[in-house]
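Remarks on the structure that follows.
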Amino acid sequence: KRNIASPEQLSKLTADLQVLSGNRLLIGIDQEGGKVNRLKESYGFPRFISAEEQAKKGEDSVLFYADLTGKTLHELGINLDFAPCVDVNTNPKCPIIGKLGRGFSSNPNQVARYASIWCWKLHVNSVIPCLKHFPGHGSSMADTHKGLADVTDTWNSQELIPYKELIGPI
């Protein structure tokens, strides 16, 4: 059974964990919106739409949901989000990215732009973002939750563009 029942319960849980620890804890969640959404509407949380839906509605939608996510997580005492997903949707049939609407776009520059908005809005709300899934899951034909996803024959260098734009030259 999941340990999230309501906003009040989750806020109390994270606050209690921080007090009991005696150290500043990183408390993380996998909260992208859409299918990867741990904070369910049925438990009293706001509705969070997928990256694909945000992108289809445009930059204002991305700004809104990134800010809503950051504010919600901060209020709950969560300071690390395993988001945004920066996979380039090069394979719309990918069972874990394309088919679930987790990718912002098939355009790597648009993915980078929208992911930068997410990172900014999480930072503004004192939440650490975690880019995923390096080096790109958007071209895979498999789900890494169920085993190995070999991208040897499907991966291309376009999938690195969001990382290069967001992280900078190495």
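Between the side chains of S139 and E159, a donor-acceptor pair is found at a separation under 3.5 Å.
The structure places CG of L73 at 12.0 Å from CD1 of I128, a figure rounded to the nearest 0.5 Å. Rounding to the nearest 0.5 Å places CE of M141 at 7.0 Å from NZ of K93. The line from CG of D143 to SG of C94 is 7.5 Å long, rounded to the nearest 0.5 Å. Distance check, rounded to the nearest 0.5 Å: CD1 of I78 to OG of S11 gives 8.0 Å. Note that CG of D81 is 5.5 Å distant from CG of L122, once rounded to the nearest 0.5 Å. Here SG of C85 is found 8.0 Å from CZ of F104. Values are rounded to the nearest 0.5 Å.
Between the T69 side chain and the Y65 main chain, a donor and an acceptor come within less than 3.5 Å of each other. No side-chain donor-acceptor contact under 3.5 Å links E165 to the backbone of R113. No donor-acceptor pair closer than 3.5 Å links the side chain of Q18 to the backbone N or O of A15. At distances below 3.5 Å, at least one donor-acceptor pair connects side-chain atoms of N79 with backbone N or O atoms of I27. Between the side chain of Q9 and the backbone N or O of A5 there is at least one donor-acceptor pair closer than 3.5 Å. Judged by distance alone, with hydrogens and angles left aside, the side-chain atoms of D87 form a donor-acceptor pair with the main-chain N or O of H137 at under 3.5 Å.
Closest approach of C130 and L80 over heavy atoms only: CB-CD1, 4.4 Å. The shortest non-hydrogen separation linking P162 to A112 is CA-CB, 3.8 Å. Listed here is the closest heavy atom pair of P84 and P129: CD-CB, 4.2 Å. Across all their heavy atoms, G77 and T14 have their closest contact at CA-OG1, 3.6 Å.
Side-chain contact between F48 and T72: present, with at least one pair of heavy atoms (C-beta onward) separated by less than 4.5 Å. Between N91 and T154 there is no side-chain heavy-atom pair separated by less than 4.5 Å. Considering only heavy atoms from C-beta on, D30 comes within 4.5 Å of K132 through its side chain. Using a 4.5 Å heavy-atom cutoff, the side chains of L131 and L166 are in contact. Looking only at side-chain heavy atoms (C-beta outward), I49 and S61 come within less than 4.5 Å of each other. Side-chain contact between L39 and I4 is present, with at least one heavy-atom pair separated by less than 4.5 Å.
V62 and F82 fall into different hydrophobic clusters, defined by Ile, Leu, Val, Met, Phe, Trp and Tyr side-chain heavy atoms under 4.5 Å apart, directly or through other members. Note on I161 and V88: separate hydrophobic clusters, where clusters join Ile, Leu, Val, Met, Phe, Trp and Tyr whose side-chain heavy atoms are under 4.5 Å apart, directly or indirectly. V36 and I117 are not part of a single hydrophobic cluster, where members link through side-chain heavy atoms under 4.5 Å apart.
Taking Ile, Leu, Val, Met, Phe, Trp and Tyr as hydrophobic and joining them when side-chain heavy atoms fall under 4.5 Å apart, one finds L100 in a cluster with I96, I97. When hydrophobic side chains of Ile, Leu, Val, Met, Phe, Trp and Tyr are connected at separations under 4.5 Å, L148 ends up as a singleton with no cluster partners.
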- Run the numbers on E32 and N37 for side-chain hydrogen bond (donor to acceptor under 3.5 Å, both in side chains), then give the verdict. CA-CA 6 Å; E32 296 173 20; N37 182 22; over 6 Å; no
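The local environment of NZ in K12 is sparse, with at most 12 non-hydrogen atoms from other residues, nucleotides or ligands closer than 6.0 Å. Enclosure of atom NE2 in H74 is not indicated, since only 12 or fewer non-hydrogen atoms of other residues, nucleotides or ligands lie within 6.0 angstrom.
Evaluation of the side-chain hydrogen bond (donor to acceptor under 3.5 Å, both in side chains) test over residues 114-130, restricted to residues two or more places apart or in two chains, returns Q54-W118, D67-N125, Q110-Y114.
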